[in-house]
Each structure stands twice: as C-alpha cells, then as structure tokens.
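Heads up, the thing below is written out as structure tokens.
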Amino acid sequence: MLGLVMRQLFVDAFKKLYGEEPPAQNVSFQKTRPEFEGDVTIVVFPFVKIAKKAPDVIAKELGEEMVKESEYIAKYNVVKGFLNLLISDKYWIGFMQKTHLNEKFGRKEVAGKPVVVEYSSPNTNKPLHLGHIRNNLLGWSVSEILKANGENVVRVNLVNDRGIHICKSMIAWQKWGNGCTPESTGKKGDHLIGDFYVMFDKHFKEEVKNLLPANYDQLSDDDKEKAKVEAENASPLMQETREMLRKWEAGDKEVRELWEMMNNWVYEGFDVTYKRLGVSFDKIYYESQTYLLGKSTVMDGLKKGVLYQRDDNSVWCDLRDEGLDEKLLLRRDGTSVYMTQDLGTAQLRYDEFHPKKLIYVVGNEQNYHFDVLKRVLVRLGFEWGNDIEHLSYGMVELPSGKMKSREGTVVDADDLMDEMEATAKNVSEELGKAHGLSDEESAKLYHMIGLGALKYFILKVDPKKTMLFDPKESIDFNGNTGSFIQYTHARICSVLRKAAEANVAIGDKVDIDSIQPGEKSLLTNIYTWPSVLEQAAINRSPAMIANYIYDLCKAFNQFYQECSIMKEPDEKRREFRLQLAAMTARLLRNAGELLGMQMPERM
RNA sequence: GGUCUGGUAGCUCAGCUGGAUAGAGCAACAGCCUUCUAAGCUGUGGGUCUUGGGUUCGAAUCCCAACCGGAUCACCA
C-alpha cells in the first residue's frame with residue numbers, strides 16, 4: 001500500500017525535477033535504520049547519472065518535492081546519498097483504524113485451481129522420528145501459508161505400505177512375536193512394528209556374519225563386498241522375506257491378511273502421533289494401491305519409443321542429452337522401482353485434481369530423484385511434469401552427528417513430544433504459573449507450550465538448510481523461542497483482562513492524533529505483515545513467519561516496558577494502546593496459526 | 001571423479017531481488033520486579049562474513065577460482 005503510493009510519488013517528483021523517468025528497477029524503498037529519523041529510505045546513488053548532480057543534492061531536491069506533494073510525508077532528511085522520509089502520524093493512524101479489528105489481516109481469499117502438497121510420506125515399518133517431524137511441520141505450515149495467500153491447497157500423504165522392508169517386520173513377528181499385539185503389549189502399534197524391524201535386522205546381521213567365509217578379514221575391499229552380498233543372499237531369513245514379498249505380490253491370502261493387520265496397527269499409532277503434532281491430510285494415498293499404475297505408463301513410453309529396453313528386458317530412460325544419466329524404470333524381472341511408482345502416483349494425482357502445482361515436501365537427499373521424475377514425465381508427454389515442485393528441505397542433525405537408526409541415535413517423535421510437554425510442565429511449576437488450573441486445563445496448556453516450542457524451534461530455520469537439533473537448546477524456553485511468542489500473547493491477554501475488569505471499554509474507533517515512539521515501532525512492525533506473508537508464500541518459508549513474529553513480540557515487549565497501558569492518564573491514548581495490544585494479539589494468533597502454534601491466554 | 005549444495009560472533013541462526021557503522025538468541029558479565037505476567041526489559045564484551053580475484057559509486061549478498069564440509073550419482077526407498 002504505502003510502497004505503491006510512495007513509488008508513484010517518487011516517480012512523479014523525479015520526472016518533474018529531471019525530466020526523465022527513473023529506471024524502475026533502481027527505485028527501491030527500504031526501512032530506515034533506527035539510528036536515523038524516518039520510516040522509509042530511498043537510495044539515490046543510482047540516479048546521479050541521469051540527474052547529473054551530487055547524490056546529496058538530488059536527495060534534498062527529491063525530498064523537498066515529495067514533502068510538498070504529499071500529506072503523508074511529514075518531513076525528510078538526507079544522509080549522504082540516502083533520502084529518509086518520515087511518514088506522518090496521520091497515515092499510521094489511518095492504517096490502524098482500517099485494520100486493527102481484522103482477524104484475517106494480510107490474508108487473501110482462496111480461489112483458483114488447486115495446489116497439491118504432499119508431505120509426511122512415512123514407511124509403515126517404523127515409528128516417526130525427528131526427521132519426519134521436520135517434514136510434517138514444514139508440509140503443514142507451508143500449506144497453511146499458501147492457503148493464507150489464497151491458494152486452494154489439498155494436503156496429501158503417500159504411505160509407503162508395501163515392499164521388502166514391511167516383509168521384514170512381518171517375518172520377525174511371525175518368528176518371534178508369539179502372537180503379540182499392541183493390546184497385549186500395551187505398545188503403540190507403530191513402535192511395536194518398529195521393534196520387530198529392528199529385531200529382524202539383528203538376527204539378519206547375525207546370520208550374515210556366520211555365513212561369511214573364514215578368510216573374510218584377509219580379503220580385498222572388492223572381494224569383501226562380494227562375499228557380503230553373497231552371504232546376504234544366502235541368508236535363510238532374507239530368502240524367507242523375499243518369498244513373502246513374492247507371495248504378497250501374488251495376492252496370497254494369508255500374507256495379505258497378516259500385512260493388513262500389522263499395517264493397521266501402524267496406522268493407529270501414526271494417527272495418534274499426527275493428531276498430537278496437529279497435522280492432517282485431505283487425502284491419503286497408499287502405495288499398494290498405486291504402484292501398478294506407473295508400469296503401464298512406462299510400457300506406453302516404450303511403445304512410443306521414448307524409452308528403450310535392454311537385452312535383459314530392463315526398461316530405461318536416457319537422459320544423458322540433458323546432462324543427467326540413464327535411469328532404470330523397470331527391473332529385468334519386470335517389477336517396478338521407486339521411480340516407476342512415483343510416475344504412477346503423480347499421474348493419479350494430476351488426473352484427480354488438475355492442479356496448477358504439485359508440491360512434494362521431501363528431503364534434499366532426493367533432489368536428483370525429483371529432477372529425473374520431472375524430466376521423465378515430460379518425455380512421456382506429460383507437460384505438467386514441469387509443475388512439479390520439490391520442496392527440498394535439509395537434514396536434521398544431532399550434536400552427536402547424523403541420526404542413524406542402526407546406532408539407535410534416532411530421536412523418536414513420540415518420545416520427543418513427551419519430553420517437551422514434561423519440560424513445559426516443570427518450568428511452569430517452577431515459575432509458579434500453573435496455579436488455579438484444572439488438571440485438564442493444565443495438560444492442555446503444557447501441550448500447547450511444549451509443542452509450540454518444538455514447532456517454533458524447527459520452523460524458524462530456513463527449510464533449505466541443514467539444521468542442528470540440540471535437545472538442550474530446544475527445551476529452553478527463554479529468548480528466541482516459541483514460548484517467548486506465546487508468553488507475549490498471554491501477557492497481552494492479561495492486560496486486556498485487566499481492562500475488562502476495570503470496565504475500560506475498547507471501542508472500534510481510533511481516536512488519537514499523534515503517535516509516540518514506543519507505540520510507533522510496534523505499529524510499523526505490524527504494518528509490514530502482509531508483505532512478509534507474501535514473501536513467505538513465494539519462498540515456501542515458515543522461517544520468515546517465525547522470524548517476523550519474533551520481531552513483532554520484541555517490539556511489543558519493548559512497547560510494554562516503555563509505555564504503561566492501564567496507567568496511562570489520557571483516556572484516549574490508553575484506549576489506543578489497548579487497541580494496539582489487542583491488534584498485536586490478533587496478529588500473533590493469525591500468524592501463529594500458520595506455524596501450527598496455538599496461543600494461550602495465560603501461562 | 002561428475003552434479004548439486006553450504007561456509008556469517010565460542011554455539012544456534014537472521015540478513016528479501018547489491019546500499020548507511022553486518023544483526024538476534026544462547027553462553028559470560030552488569031543493571032531493572034511496592035508499578036499492566038521477570039518465560040520479560042536495558043546495557044557491556046565478542047566479527048578479516050573461509051580465502052583470493054573480478055563486476056561498480058557501493059559486495060556478506062552477483063560472477064570465477066581455491067580450500068573445507070554435506071548430499072547424490074543403486075535392478076534401495
């Protein structure tokens with residue numbers, strides 16, 4: 001809003017003074033640094049050639065002209081080539097009047113073709129861990145951000161429910177499970193299955209070790225590798241597992257029943273975790289229902305001559321002319337690989353929604369995969385392959401290094417949430433903030449705080465970057481944390497409660513004619529929200545939202561410290577400050593929602 | 001080795017399409033609760049923005065190279 005008005009004003013002034021339009025790309029506005037007076041700064045260096053005058057002279061002339069022409073510019077000053085403009089209080093008050101009650105400030109109406117966002121995409125052989133948490137939070141949050149920007153978002157999940165890894169858990173359960181169930185063990189289904197997966201791996205390793213040749217240690221690296229592969233193939237456990245997969249694919253009744261039962265345990269477990277994390281989906285795809293679809297497309301491509309077949313019958317796509325490699329699409333035995341399945345699911349999804357964009361929230365280790373996927377689709381004649389966007393996020397590392405399931409260093413999602421909530425409880429009790437709440441209320445509050453801290457901690461870093469998850473730091477509730485955000489909200493609510501108790505009415509009308517410094521930095525902060533939201537959507541970056549609310553909260557806390565609200569003697573100013581506080585709280589809820597964070601009224 | 005990606009304070013991170021003296025939090029130290037929630041506020045110290053070139057009025061930001069990390073290049077998913 002301000003940007004456009006200012007731009008026009010500047011262009012007009014410039015034309016009038018120098019008889020020429022300034023090059024549009026050089027006209028940029030930025031926030032004035034706090035050490036100078038003003039709100040908006042224009043850099044005039046790029047215009048010295050056109051104006052043929054010294055930078056400070058140009059700045060002065062432009063400033064003079066702009067102040068004269070607009071009632072919204074109160075004054076200006078020039079420092080070197082920087083023209084600082086002070087926006088009049090009248091403008092800010094007008095903005096405040098217009099927006100302070102708007103719950104949806106900055107949001108746009110949803111319209112247009114759908115945008116499909118896939119995220120989570122779990123395997124059904126183990127419970128969710130920290131890596132999945134980043135994925136889920138990102139997928140959820142980016143969806144919310146896009147929705148807030150008017151996109152018609154459809155959230156989908158693709159469950160990898162079939163394959164050799166599932167069979168491993170099944171074999172282990174058959175052998176050593178003694179018919180146990182989540183009920184009989186009191187374990188969450190996904191954890192129970194995960195345990196059997198680990199159990200399989202342990203026994204399998206043991207077998208392989210015993211099958212290695214006696215002289216294994218003396219072999220060369222190449223031979224070692226060979227011997228290992230041989231041993232793995234010879235392992236009875238592995239053979240049984242492969243046999244089970246074959247039976248599964250053949251539709252063997254017994255295997256399918258076992259598979260269904262165990263997968264359902266997992267889904268029940270996942271549901272609990274998803275619910276607690278606060279994420280959900282509009283549609284869930286199962287790979288077992290879609291994995292065959294890719295095959296026919298590949299066969300079509302083969303017929304059309306876009307793909308080719310080798311002597312061993314395997315099918316490939318040659319992408320070498322695009323700087324990539326050859327990619328296998330069907331194994332020599334005719335079974336499908338990951339890529340084949342993804343070709344199928346992409347088509348299914350496209351046919352169902354005809355979206356303008358298909359966004360996949362998947363870790364950056366699969367960058368190459370998606371690069372290939374898009375190109376193969378386009379080659380097969382699906383132009384919309386170009387509408388696929390891989391929202392590629394960085395890995396989560398621990399202070400000890402990478403998470404490795406085999407070394408037991410994975411951080412389990414359920415455990416982590418338990419811990420966050422428990423810490424929220426401890427801290428609240430230590431600070432003596434928990435009194436007066438029922439058990440149910442306090443449990444809800446600890447959930448809000450614990451999960452809020454976790455979400456903020458993860459979402460505040462740029463999705464593209466590898467992030468370090470330090471448990472000690474994640475559980476700290478001071479400084480740049482989710483708790484700080486929530487605390488600020490609770491503080492505002494507390495003031496508003498006090499006002500209500502004192503029967504101080506807060507009207508709709510903003511009735512004030514000047515703004516004080518402490519008030520202004522808060523207000524100008526709020527003012528930038530719509531552009532932040534827009535940028536966050538363009539960049540698919542919840543981090544931009546998180547950084548924004550942090551600044552907003554800092555601005556509020558400074559205001560709170562500097563300006564007494566309820567003790568303000570001037571009634572109109574007191575009301576204005578209450579309006580400002582209420583507006584901040586609204587915005588915190590509005591923005592917090594985009595990160596999946598709830599805002600407590602007291603804490 | 002090919003491709004992609006990153007390197008900012010002791011640690012974790014901001015820094016938008018180039019703009020003023022590079023910012024926060026944590027950690028350290030020093031202040032502020034008879035006053036709206038101290039999970040807060042204020043201040044101090046801490047930097048060759050990995051290095052070297054280039055582009056220009058101006059570079060943490062753009063380009064090239066080197067060094068160091070990470071990912072990927074499976075008839076795994």
Side-chain angles (χ1 to χ4, degrees), chain A residues 25 28 30 32-33 35-36 41 43-46 48-49 55 79-82 84 121 123 160 163-165 287 312 314-316 323-325 328-333 335-339 341-342 363-369 371-372 392 394-395 397 399 402 424 427-428 430-433 449 453 457 460-462 464-470 472-474 476-488 490-499 502 531-532 535 538-539 541 543-544 546-547 550-551 553-554 556-558 560-568 577-578 581 602-603:
Chain A
Q25 69 211 22
S28 70
Q30 49 192 286
T32 304
R33 292 191 152 241
E35 58 265 36
F36 304 105
T41 295
V43 186
V44 302
F45 287 111
V48 291
K49 274 183 195 150
V79 182
K80 292 189 265 177
F82 298 90
N84 302 319
S121 324
N123 286 348
N160 181 231
I164 195 90
H165 50 291
E287 214 181 278
D312 62 5
S314 56
V315 179
W316 298 74
L324 301 184
D325 220 326
L328 176 90
L329 297 177
L330 284 180
R331 295 192 185 100
R332 76 181 89 138
D333 63 3
T335 57
S336 63
V337 290
Y338 181 46
M339 184 61 74
Q341 298 158 11
D342 255 12
N364 62 12
E365 77 265 12
Q366 292 192 33
N367 285 353
Y368 183 73
H369 172 79
D371 201 7
V372 173
S392 159
M395 298 288 99
E397 289 179 2
K402 282 183 204 157
V427 173
S428 290
E430 261 170 46
L431 294 172
K433 307 244 179 179
I449 297 172
F457 187 83
K460 77 175 173 187
V461 347
D462 185 339
K464 290 193 294 289
K465 293 193 176 169
T466 307
M467 69 167 289
L468 184 89
F469 185 88
D470 186 344
K472 270 194 297 239
E473 208 179 309
S474 73
D476 187 354
F477 291 169
N478 298 311
N480 187 359
T481 63
S483 312
F484 172 69
I485 311 295
Q486 291 171 323
Y487 177 72
T488 306
R491 249 184 168 180
I492 296 173
C493 292
S494 173
V495 177
L496 297 177
R497 275 196 301 273
K498 288 260 155 61
S531 71
V532 171
Q535 284 302 312
I538 291 168
N539 293 299
S541 173
M544 293 178 122
N547 289 329
Y550 177 62
D551 286 338
C553 286
K554 271 210 306 199
F556 178 83
N557 282 310
Q558 279 156 13
Y560 179 90
Q561 195 80 15
E562 203 174 311
C563 307
S564 176
I565 299 171
M566 289 307 289
K567 296 248 159 61
E568 168 60 40
R577 288 182 180 171
L578 282 164
R602 49 185 95 213
M603 69 184 270

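Because the structure is a prediction, the values reported are computed rather than measured. Order of the sequence lines fixes the chain letters, A, B, ..., with proteins taken first and strands second; residue numbering starts at 1 for each chain.
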Determine the contact category for [X]: base if any of its heavy atoms lies under 4.0 Å from a base atom, sugar-phosphate if only primed atoms, P, OP1 or OP2 are that close, otherwise nothing.
{"X": "Val79(A)", "result": "base"}
{"X": "Val43(A)", "result": "base"}
{"X": "Asp462(A)", "result": "sugar-phosphate"}
{"X": "Pro55(A)", "result": "nothing"}
{"X": "Asn84(A)", "result": "base"}

Say you draw a straight line from [atom1] of [X] to [atom2] of [Y]; how long is it, rounded to the nearest 0.5 Å?
{"X": "Lys433(A)", "Y": "Met603(A)", "atom1": "NZ", "atom2": "CE", "value": "7.5 Å"}
{"X": "Asp462(A)", "Y": "Asn547(A)", "atom1": "CG", "atom2": "CG", "value": "9.5 Å"}
{"X": "Leu329(A)", "Y": "Gln341(A)", "atom1": "CG", "atom2": "CD", "value": "11.5 Å"}
{"X": "Tyr487(A)", "Y": "Asn478(A)", "atom1": "OH", "atom2": "CG", "value": "10.5 Å"}

Item to complete: Nearest-nucleotide wise, let me know which of Tyr368(A) and Tyr338(A) is further upstream toward the 5' end of RNA chain B.
Response: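 Its nearest nucleotide being more 5', the pick is Tyr368(A).
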Worksheet item: Which residue, Asn364(A) or Lys460(A), contacts RNA chain B at a nucleotide closer to its 5' end, judged by nearest heavy atom?
Response: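 That would be Lys460(A).
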Discussion item. Checking one value: the base orientation of rC62(B), syn if chi is within 90 degrees of 0, otherwise anti.
Written reply: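 With its glycosidic angle more than 90° from zero, rC62(B) counts as anti.
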Item to complete: Output, in order, the C-alpha distance, side-chain angles, deciding distance and verdict of salt bridge (charged side-chain N to carboxylate O under 4.0 Å, His left out) for Arg331(A) and Asp333(A).
Response: CA-CA 5 Å; Arg331(A) 295 192 185 100; Asp333(A) 63 3; 5.2 Å; no
Pairs: protein N or O with nucleotides 7-11 of chain B N or O, under 3.5 Å:
none

Check side chain to side chain donor-acceptor pair (under 3.5 Å) between [X] and all other residues, then give those that pass, not counting sequence neighbours.
{"X": "Thr41(A)", "result": "Thr32(A), Asn84(A)"}
{"X": "Thr466(A)", "result": "none"}
{"X": "Asn160(A)", "result": "His165(A), Glu287(A)"}
{"X": "Thr488(A)", "result": "Asn557(A)"}

Fill in: Face-to-face stacking of Phe36(A) with rA20(B), centres under 5.5 angstrom, angle under 30°
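One would call Phe36(A) stacked on the rA20(B) base.
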Discussion item. Tell me whether Tyr550(A) and rA24(B) count as stacked here, given that the ring centres must be under 5.5 Å apart and the planes must differ by less than 30 degrees.
Written reply: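 Answer is no, no stack.
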Practice prompt. Could you label the plane-to-plane angle of the Phe82(A) and Phe45(A) rings as parallel, tilted or perpendicular, counting under 30° as parallel and over 60° as perpendicular?
Written response: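 Correct class here is perpendicular.
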Could you pull out all residues at least two apart from [X] that satisfy side chain to side chain contact (heavy atoms under 4.5 Å, CB included)?
{"X": "Glu473(A)", "result": "Phe457(A), Asp470(A)"}
{"X": "Asp371(A)", "result": "Leu324(A), Arg375(A)"}
{"X": "Asn480(A)", "result": "Tyr456(A), Lys460(A), Tyr550(A)"}
{"X": "Val532(A)", "result": "Thr528(A), Trp529(A), Tyr548(A)"}

Worksheet item: Stem ranges for RNA chain B, with three or more consecutive Watson-Crick or G-U pairs under 3.5 Å?
Response: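 Ordered by first number, the stems with RNA chain B (at least 3 consecutive pairs each) read B:1-7 with B:67-73, B:10-13 with B:23-26, B:28-32 with B:40-44, B:50-54 with B:62-66.
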Response to the item:
Expected string for nucleotides 27-46 of chain B under the B/S/- scheme (protein heavy atoms, under 4.0 Å, primed atoms plus P, OP1, OP2 as sugar-phosphate) is --------SBBSBBSS----
Discussion item. Expressed as a whole number of angstroms, how long is the span from Gln30(A):CD to rU61(B):P?
Written reply: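 From Gln30(A) CD to rU61(B) P: 17 Å.
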Item to complete: Take atom CE of Met339(A) and atom P of rC75(B), then tell me their distance rounded to the nearest Å.
Response: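 Result: 12 Å.
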Discussion item. Is there, by distance only and without an angle test, a donor paired with an acceptor across the side chain of Asp312(A) and the base of rC75(B) below 3.5 Å?
Written reply: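 It does, because a donor-acceptor pair links the side chain of Asp312(A) to the base of rC75(B) below 3.5 Å.
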Practice prompt. Could you tell me whether the phosphate oxygens of rA22(B), OP1 or OP2, come under 4.0 Å of any side-chain nitrogen or oxygen in Arg33(A)?
Written response: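 The answer is no; no side-chain N or O of Arg33(A) sits under 4.0 Å from OP1 or OP2.
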Discussion item. Side-chain N or O of Lys49(A) versus OP1/OP2 of rC57(B): is the shortest distance under 4.0 Å?
Written reply: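 For Lys49(A), the contact criterion (side-chain N or O under 4.0 Å from OP1 or OP2 of rC57(B)) is met.
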Fill in: Minimum-distance nucleotide to Asn367(A) side chain [options: rC4(B), rA20(B), rC75(B)]
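Among rC4(B), rA20(B), rC75(B), the one nearest the side chain of Asn367(A) is rC4(B).
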Sort me out a list of protein N/O and nucleotides 67-70 of chain B N/O pairs below 3.5 Å, or just none if empty.
{"unit_1": "rG70(B)", "atom_1": "O3'", "unit_2": "Lys402(A)", "atom_2": "NZ", "d": "2.9"}

